[in-house]
Amino acid sequence: MRGDNGDWSEFPVGAVAFLAGVYGRTIDVGGVPGDFPGHDPQVLGLGDSTG
């Protein structure tokens, strides 16, 4: 992953594990707001309603 300052960070996991770690807050990614992805993150399909 490339940060805002141009430095690269490597994470020793695959893409799915990385995303799960970011959403589960077990992987800290510099530059991502501390409250990301919020208190109740949801993954919705194309036909799912958000409201």
> Asp40: what forms a side chain to side chain donor-acceptor pair (under 3.5 Å) with it, not counting sequence neighbours?
Replying inline: Gln42
>> For the CG atom of Asp28 and the CZ atom of Phe11, what is their distance to the nearest 0.5 Å?
In response: 8.0 Å
> Does the side chain of Val13 reach to within under 4.5 Å of the side chain of Ile27, using non-hydrogen atoms?
Replying inline: yes
